[in-house]
Protein chains: 2
Amino acid sequence: MCWTRVKHVLKVLYSYIRSLIGLLFLLIVYSLIGAFIFRAIEAPYETEQKAIIKKERKEIIEQFVNFTNLPVLNETELRNQLFNLLKDYEEEVYTAYKTGVSLSVTKPKWDFYTALFYCGTVYTTIGYGHIYPSTTLGQIVTIIYAFIGIPLALITLADMGKRFTFGIKFVLAFLSQICKSRCCRKMYFGYEVDTEFNVNFYLALTIVIVYMFLGAFIYTRWEAWTYFEAVYFIFISISTIGFGDIIPAHPKFFLLSSVYVFIGLSLVSMCINVAIVYFTQQIDKAKVNIGRATEMAMERTNKTFSLAKGKMHEMSIKMNNHHHHDHSPDRDHNVHHHSGENGHQKKHNHNIFKVNFKNGHVHGRHRHGRNSI
Amino acid sequence: MCWTRVKHVLKVLYSYIRSLIGLLFLLIVYSLIGAFIFRAIEAPYETEQKAIIKKERKEIIEQFVNFTNLPVLNETELRNQLFNLLKDYEEEVYTAYKTGVSLSVTKPKWDFYTALFYCGTVYTTIGYGHIYPSTTLGQIVTIIYAFIGIPLALITLADMGKRFTFGIKFVLAFLSQICKSRCCRKMYFGYEVDTEFNVNFYLALTIVIVYMFLGAFIYTRWEAWTYFEAVYFIFISISTIGFGDIIPAHPKFFLLSSVYVFIGLSLVSMCINVAIVYFTQQIDKAKVNIGRATEMAMERTNKTFSLAKGKMHEMSIKMNNHHHHDHSPDRDHNVHHHSGENGHQKKHNHNIFKVNFKNGHVHGRHRHGRNSI
């Protein structure tokens, strides 16, 4: 009996993440297509560049050999010559590094897995920069790829974030049920669970931080990082800063790492949305309080100066009736005060601004003029 | 007379961006504080590292000199020795490059302006990675700095994006006035301008693209880039990918570049928000169409089987009255169909999910048992 209930809950959960699976599938297909294209564009250029730099290194070695064959120079002169040669060599190495070619790493930079990883760094906007296109064609394709990929990734991450809020609420409701009943048979699943971002902000933040600190343990197992370096890498990744100063060295874990980072990104997306809802509510509350304070202050003022203000109040009412669209600041506060109770608050948050500058004196003349021509 | 009107419009515009100025001021102060802190942490470490690498280079030169003092070796042997030495040297250069120290660049990496630029790459999440903290303290401070800075930058960018939609609507309304009246005196400023993201999506996208392509001209003037490289740099920056493969070389233009990129980021923020509104509307429209199609199909079905379904319909009404909260899919479609006209649509988009699995048979027994203990 308990099992049928669990099955039912699992079915509900599955039906709920079905739309997400579609989005994720689309993103995976898009990644695979991108990896094929970028490897096809960048790999040939890479081998070409490597050959050029190898040749240059050989030439520098020849120059050194020539030095030793020369009649023995003054030692300081020799030193200067060597220094200059080394400087040239240094420049070569820098250039190689900048174009993304490393001679000490024999493995090609643009194989299928790194290209796949590159696609991920583009559409998530992390952009570590340890792999980047060196050809103009690769750069053009990157721009086009990002134009489609970034919105797709944003939608997917936002959707995953929604599912996470759903999951959090579900777990919370479940736990409260367990606390109340202490028995599976007595559990009541009649609660409503939605995907609104109205979970507790501090809970959402805590989940992101716990996810960071727990994930760091896994990274220290498969990378030669300290625990803090792993935390730093995860933070730089899921915040999409992506300096690229620390990068997972083992390409086989790239994919697993990508999944971990992607879930982290969606948690951050959730946390940002929860924060927006939370702080908007806080600001609205503050507004209501200000409104109440203003009201109370006004009431006090009215009591004190009620006699003196009698005539002025009448005048202001007349004026308000005349310019009936012109809200005074105090009236706006009252509107905010009451708006908490009903659903018509939205209009007031849109910051509609009227540019009331009407020229009523001259009208219709030019149109008549044009018509008469 | 025309001038007073312009002045009035400027005043309205100013009062409208006042809150944005506060946010920008906060962000600038935050940047300056960050620049001071990061320079204080990173600059001493950098000079230390530079000294170490300079020493190592000297040692390698000494080794070369020793080679020439040795009795003449076999030429192939000499070549091998030189090759190995150069490889060691290459590793040194790589390590230097990775820790962010470049010997060919004499200017220190962590001066005040670069630290300021670094702060910008953190809170905008661009993270070029050409400057990054090499000390653990710097990394810790970066995490804390980002935790506050990223939300602040997001709010500021979203606010700037809002102002841009306001600006676009203002200009559009202004232009339509000019088209209608063709005379300043006849212009009517009684239109409403708000900051909702409901401007034309393709117009917003066009503005971002035009901003990119026009800005690229400026970059080609002060950097040694081709026109396309400048476009690529701008795209990689304002999409917050930030590979860091192309970086403005002239530090004096860093700040101007930052302003350009920051405006670009806010335009992208606007464009994303406009896209969300636009595509949500498109999806809603599609839903309404589906709803209408379903309704029409139902009507046709009802006409055909009206006699046969008479009794069943009665039954279903009875059932609906009994389970009066249980919406059938067809009823939901009708709700969607009508929801376009009023403001109560929101509830239906929240995807509320009811887990209705109630066990009504066993109730209250365990609680009574516990109370009796």
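Convention: sequence-line order gives letters A, B, ...; per-chain numbering from 1. Just the heavy atoms: all of them, side chains too, but no hydrogens, waters or symmetry mates, feed the values below.
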Okay, Ile234(A) and chain B: the region with an atom under 4.5 Å from a heavy atom over there is neither
Whatever's closer than 4.5 Å to a heavy atom in chain B on Thr121(A) counts as both
Is the closest side-chain donor-acceptor distance between Thr125(B) and Thr240(A) under 3.5 Å?
-> yes
Winner by heavy-atom pair count (cut-off under 4.5 Å) against chain B, out of Ile131(A), Ile241(A), Thr136(A) | Ile241(A)
So what's closer than 4.5 Å to chain B heavy atoms on Ile126(A): side chain, backbone, both or neither?
-> backbone
Given that the side chain runs from C-beta out, which part of Tyr128(B) has a heavy atom under 4.5 Å from chain A: side chain, backbone, both or neither?
-> backbone
Side chain / backbone / both / neither for Pro133(B) at chain A, heavy atoms under 4.5 Å | both
Leu154(B) portion near chain A, given a 4.5 angstrom heavy-atom threshold = side chain
So Phe243(B) and Thr142(A), side-chain contact (heavy atoms from CB on, under 4.5 Å) or not? Walk me through it.
-> CA-CA 11 Å; Phe243(B) 286 137; Thr142(A) 297; 4.3 Å; yes
Closest-packed option against chain A by number of heavy-atom pairs under 4.5 Å, given Ile272(B), Ile140(B), Ile150(B) | Ile140(B)
Against chain A, label Phe233(B) side chain, backbone, both or neither, depending on which of its atoms sit under 4.5 Å from a heavy atom there.
-> neither
With rounding to the nearest 0.5 Å, note down the distance linking CD1 in Ile143(A) to OG in Ser239(B).
-> 8.5 Å
For the residue pair Phe147(B) and Phe235(A), does the interplanar ring angle fall in the parallel (under 30°), tilted (30 to 60°) or perpendicular (over 60°) class?
-> parallel
